[in-house]
Amino acid sequence: MDLVFPVGGFYPCNESSVRLDFKPKITGHLDVMPVYVLSEGAGPGAQVPTDLTRIPIPLIDISADHSNKLVKGKVICKGPLMSLAADDFVLKTVIQEEDSQPDASSQNQSINVVLFGAMAKHFNQAGSQGDVVVASGFTVAKSSTVDEDKLHPCNLLLSGDDACLYVSRLTPLPDPISPLANKRNATLSTEVSRRTKVPKYTYVPLGDLKAGSVVNVYGVVVFFKQPFKSRGTDFCSSLKITDQSNQKIGCTIFCEKLEDHPKIYQIGDIVRMHRVKTQFFNNSITLVNTFGFAVVAFDGAVGGAVEPRTSSRSFHFDQEDRRTVEELRSWAASQTLLPPVCTIPLSAVQPKAYFDLTCQLLAKAPVDTTCTLLRVWDGTRCPRTLLNVMVERDVTEGPSSFSKAKEKLIANVLVYDNHMEFAGQLKPGDFLRIYNLRAIPGSSKVPGLTSSQSEEVDHLAFHLHGGTAYGRGIRVLPENSSEVQELKRALEAFPDNDEDALSDSELLEIWSTPPESLDGDTVECSSERSCSHDMRPVSLSEVKRSDPGGIHHIRVQLRSYKPHRLHQALKLYCSKCTSMLDIPDDEQVAALFSEASRDSGPCSPPPWLLSGWVDIPGDSPGSQNRALSVHLSAQLLSEGKTKELIFLMGSTLEETSRLAAGYHNIVPVKSSDGHLALLDLSAPFLFRGRKRFYGCKRCSEAAVREPSAEGVQVIDEKIVAEALGVQLLQFVLLMKLELQDATDTLNVFLWRDAELFLNVSAEDAAANQEAQKSIHQTMDALCPPGDSKGGRPWLNLCLSAYQAEDDEGRSQTCYQICQTTVTRPRPSSTRSEADPA
DNA sequence: GCTTAGGGTTTG
């Protein structure tokens, strides 16, 4: 058998000048010799066949004929030898096109090669990561793992008599060998140590480290910080590792690129680091990365797959590494020095606890300059009520609301200071682990809280405090990690998903299917008309074709609605001048209060008022109480009604809100030109418990005047407004609904009868969380987030069409839902007695 | 250009 070939032209010239010694491994049948090892630098040339054409890996195509082709590549990953049957094996390896241009598209440069039978066995012994191989006689098959490994969409299959694999070993670069480095595994089997000539990496036990050398180490992670921005040019990772020597060694890794940092997810993970330097700091050895640094991390669970976590394009990993990892795993498992796992689901969160949370990001929004809100879930439900956080409108990334069922599972995480920058790069949908998260019970001092919530103290808030102490930080977990796989299973158990957009096919289905045919599998009608019209329902296309004006009865589904954020639907309406205003946000109002308290000069209150002081307790234990100037009606005082109505001066918005719990009516006042005056009417002119009332700037002639309380049982907002000359603004709800039936879609308003439709008063919705929740529940029932059509109930609506002028003065037809009430699900009735409608 | 950080008794 002549196995010596001349040097072939297809071989790159830098190697063709090398005489290659052909050394068949005579371990199998002599007539089947599929793996040839070509060693550099000795003996007469042994070569691969010259009659074949080389095909670059990216050009491999399933439909082409490969019978006269060969493929050359560098082994970047070598899988384990798998036994299929008694003497049948399979081995998967990944090879990478060697001569690819650095700037060429990196796509499909690497391909899975599957070796069968004796070839797998031979390559397992003869081949190593870093070798250059040439394959011929292969077949091409579709790769089933392309989604996961992102490699070439084809696999090369090497089996049968035609298949050949030539292994060429270049002289590897010398590895920095520390004089102190000694072999970790003295018990290495002779079979393994004999089979390869590639210099092994040597790993120094942590107990043998001496300062002033460059070494390779393995260790179990006992502490870690996610990479954080240093003051220099790099990100910095901090870890502490240990091994069987029980030494705990601190490591500091500086790398500019995040992907070069160790991918550590939890304590107990195992790291292998190449080329770290040892140095003394604080009387102990520490490790710092140095030139050529590389790190690979592994999960620390005993019995789990040994999957290297690295972003290196190639790295050495062999059976010995696998063994080292497994030894460290079982050693660590036998130790009690690892702290207990603090990764817990939301369902197990205890108040005040610090913990690590593995979760999915659903939405995020900036809260203020120090803090970002992350809305996350892990599929479990925390038994405690979770804090609700309001953010400024239109700043939420991701859906701004979810189904009520899903909302119950969502934790609001406030991420502070340095973590904001990282949070800024997160995207809804990302899988995260948040480290050293704090569960804070009854937090009332949270930015963005609504006034109604500040009184409810039993909420759990989640804070990721600033700084990196205790490993505080956030990590995005890769999709294929076991922790994400586990999380996904938990999330998939929850049927709801919140994708608002409908696919084209879903739209087509909606548009082309008559409502009748959908009835069978959809939710039944959930609204009731209370009008007295006697007319048959018409389709939306008929509505659109109708003459302007008039009333229609329709049967429709709610396709979408705006705004999703309730506070944007709430408006202030002046029945006198018909102007509609947004409700000012707390920041604006607070500014008006502080402005008013600044120009409080001396002033003489009107004679019917008596002046005094009211003590405002400090807003935190130990802080100073504040005494504020307060004025009471002499008449009310003489009747002993000291809580009925006070005029309060110099208070902040927050103080006024707090005092409102103790007084029926509070009118904030200021000093203006020596007289008592009301604040600017952009601020509430009256606080009644949780409710705030506003006046119309245009229609009011406001002044501090005495309300006539004679014969009046309860001083309410109408009496106060009338006395003060304030034109009271009504709270109204205004929403834009997109309706659909089989024929068309139609945009309509929900306004004049919004309270009737939603069975909630706007005034309550402005002040009361239950009322807000009820509206969300109703809208979610009518238009389940993420639901295409199946879960959407059909609505019997009464619709009024009318002409209105748009901004340019053109007349257009508008529609409003009227005299209709949602009947299912029955929301908790929160209509107040004082119905402004 | 060759530093950066070097866990820690936990703010909102």
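Each chain gets a letter, A, B and so on, in the order its sequence line appears, and its residues count up from 1.
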Atom [atom1] of [X] to atom [atom2] of [N]: distance rounded to whole Å?
X: Asn436(A); N: dT10(B); atom1: CG; atom2: C1'; result: 7 Å
X: Asn418(A); N: dT10(B); atom1: CG; atom2: P; result: 18 Å
X: Ile267(A); N: dG8(B); atom1: CD1; atom2: C1'; result: 12 Å
X: His465(A); N: dT9(B); atom1: NE2; atom2: P; result: 13 Å
X: Phe462(A); N: dT10(B); atom1: CZ; atom2: C1'; result: 17 Å

For this session: Give the B/S/- string for nucleotides 1-7 of chain B, one per nucleotide from 5' to 3', where a protein heavy atom under 4.0 Å of the base yields B, of only the sugar-phosphate yields S, and otherwise -.
Result: --BBBBB
Problem set entry | Tyr354(A) over dT10(B), stacked by centroid distance under 5.5 Å, angle under 30° |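 Stacked: ring centres under 5.5 Å, planes under 30°.
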Exercise. Tell me the salt bridge (Lys or Arg N to Asp or Glu O under 4.0 Å) pairs involving residues 229-240 of chain A, sequence neighbours left out?
Worked result: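 For residues 229-240 of chain A: none.
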Exercise. Is Arg692(A) paired with Asp586(A) through a side-chain N to carboxylate O contact shorter than 4.0 Å?
Worked result: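 Judged by the 4.0 Å cut-off on N to carboxylate O distance, Asp586(A) and Arg692(A) do form a salt bridge.
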For this session: Answer yes when Glu770(A) and Lys773(A) have at least one side-chain N-carboxylate O distance shorter than 4.0 Å, and no when they do not.
Result: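 Answer for the salt bridge query: yes.
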Exercise. Do the ring centers of Phe422(A) and Phe235(A) come within less than 6.0 Å of each other?
Worked result: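 No: the rings miss the under 6.0 Å criterion.
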For this session: Mind checking Gly467(A) for me? I need base, sugar-phosphate or nothing, with any heavy atom below 4.0 Å counting as a touch.
Result: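 Gly467(A): no heavy atom of the nucleic acid under 4.0 Å.
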Problem set entry | Between Tyr354(A) and His463(A): side-chain donor-acceptor atoms closer than 3.5 Å |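 Note: Tyr354(A) and His463(A) side chains miss the donor-acceptor criterion.
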Exercise. How would you list, by chain and number, every residue that makes a ring pair (Phe, Tyr, Trp, His ring centres under 6.0 Å) with Tyr265(A), sequence neighbours excluded?
Worked result: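 By the ring pair (Phe, Tyr, Trp, His ring centres under 6.0 Å) rule, Tyr265(A) matches no residue at all.
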Exercise. On a plain distance test, is the side chain of Arg438(A) in donor-acceptor contact with the base of dT10(B) below 3.5 Å?
Worked result: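 Not at all, since no donor on one side and acceptor on the other fall under 3.5 Å apart.
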